[in-house]
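Just follow the structure's listing: the first ligand is 1, and inside any ligand the first atom is 1. When reading the values below, keep in mind they use all heavy atoms of this one structure, side chains included, and skip hydrogens, waters and symmetry mates. All residue numbers in this chain count up from 1 along the given sequence. This structure is a prediction, so every number in the text was calculated from the model and none was measured.
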Amino acid sequence: MTDHSFRFTHAITRRPAQSIIRGLRAVDTGNPDLALMQSHHADYIAALKATGATVIELGALEDYPDSVFVEDTALCLPQGAVIMRPGAPSRLGEAAEMAPHLEKLYAEIRRIEGAESFIEGGDILVTEREILVGRSARTNGEGVAELTRLVSDWGHTVRELHTPPGVLHFKTDCSLMDGETVLSTDRLAASGCFADYRVIAVAEGEEASANAIRFNDKVLFPAGFPRTRDRLVAAGYDVVEIGNSECAKIDGGMSCLSLRFTPR
Ligand code: CIR
């Protein structure tokens with residue numbers, strides 16, 4: 001097994017912009033505190049680096065308040081990267097900002113280009129055997145169909161699913177823990193989408209902890225969700241807790257903050 005879905009040599013992050021206070025959010029619980037977010041962001045980058053990976057830290061983009069959430073701009077696979085077309089109009093330009101950085105690292109870059117195609121990386125879960133994509137308010141059927149065409153000759157199978165209503169992204173509610181295992185909320189797992197996987201259930205009331213990342217030998221996990229953390233530890237994962245209070249105010253989590261990949 002190659003473990004391409006959780007072993008990576010590289011990650012890309014982007015510094016939070018001062019405009020982060022205009023970041024998109026479903027419910028307004030107050031603006032993020034930039035200094036605290038920067039401190040959490042530094043902890044996050046340190047945790048990625050501690051696994052031995054190279055982290056490329058891009059500068060802030062003031063024109064794009066949500067640009068710290070780089071995951072939504074591209075899908076990085078072993079064979080190449082696909083530049084997304086974010087469904088949030090204020091985020092569409094972020095994808096073009098990411099493309100030149102990936103062009104330096106990958107031999108092949110493909111693009112979602114259809115005028116009616118929309119897809120964000122937060123709706124995509126890559127496992128060892130397939131790519132799961134949840135349709136959402138940000139990702140539509142045209143976007144999924146275009147992605148399917150773009151990655152099929154790289155040997156990937158795409159399975160189209162539905163992100164639960166009212167949930168921002170598919171991965172808001174789930175994370176890959178290893179080749180066979182996902183962490184998932186009950187509301188997502190109830191759809192049966194993970195029938196072929198081992199599922200670790202997020203504890204009731206801790207749904208906001210479902211977005212974590214397995215990165216090499218660590219699981220980066222949002223601080224403040226002890227029952228779910230204990231379940232992961234009991235299952236044998238090496239969990240690193242990272243503060244996420246400020247990103248959470250604008251619906252961001254662990255996966256959103258990086259692109260993770262091993263370029264060929
Ligand atoms: C947004 O609504 O687009 C941002 N405020 C949060 C994006 C989070 N990204 C992710 O889950 N991949």
Asks: Nearest heavy atom to atom 2 (O) of ligand 1: which of Glu120, Arg138, Arg22, Arg25 does it belong to?
Replies: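 It is Arg138 whose heavy atom sits nearest to atom 2 (O) of ligand 1.
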Asks: Pairing donors with acceptors under 3.5 angstrom, does anything connect the side chains of Ser5 and Glu128?
Replies: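 Glu128 and Ser5 do have a side-chain donor-acceptor pair below 3.5 Å.
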Asks: Mind checking whether Thr172 has an N or O less than 3.5 Å away from an N or O of ligand 1?
Replies: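 No.
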Asks: State, to 0.1 Å, how close His41 and Pro16 come at their nearest heavy-atom pair, and which atoms those are.
Replies: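 Residues His41 and Pro16, closest heavy atoms: ND1-CD, 3.7 Å.
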Asks: Using a 3.5 Å cut-off on N or O atoms only, is Phe69 in polar contact with ligand 1?
Replies: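 No - when backbone and side-chain N and O of Phe69 are compared with those of ligand 1, no distance drops under 3.5 Å.
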Asks: Would you mind checking which non-hydrogen protein atom is closest to atom 10 (C) of ligand 1, with the distance to 0.1 Å?
Replies: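 Protein heavy atom at minimum distance: Cys256 SG, 2.8 Å.
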Asks: Which ligand 1 atoms, with their elements, are less than 4.0 angstrom from a heavy-atom of Asp66?
Replies: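 Within the 4.0 Å cut-off of Asp66, ligand 1 contributes 4 (C), 5 (N).
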Asks: Out of Asp72, Val70, Ile124, who is nearest to atom 12 (N) of ligand 1 when you count heavy atoms only?
Replies: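 Looking at heavy atoms only, the winner is Asp72.
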Asks: Determine whether any heavy atom of Ile250 lies closer than 4.0 Å to an atom of ligand 1.
Replies: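 Distance cut 4.0 Å: Ile250 passes for ligand 1.
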Asks: Rounded to the nearest 0.5 Å, what separation is found between the CZ atom of Arg159 and the CG atom of Leu125?
Replies: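 CG of Leu125 is found 10.0 Å from CZ of Arg159.
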Asks: Measuring centre to centre across the rings, with the benzene-like ring taken for any Trp, is Tyr237 within less than 6.0 Å of Phe221?
Replies: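 They do not qualify: ring centres at least 6.0 Å apart.
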Asks: Do Ser184 and Tyr197 have side-chain atoms, one donor and one acceptor, less than 3.5 Å apart?
Replies: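 Absent: no donor and acceptor within the cut-off.
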Asks: Which residues, ordered by chain and number, are linked to Tyr64 in its hydrophobic cluster, where ILVMFWY side chains connect at heavy-atom gaps below 4.5 Å, directly or through other members?
Replies: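 Leu61, which link up through side-chain heavy atoms under 4.5 Å apart, make up the rest of the cluster.
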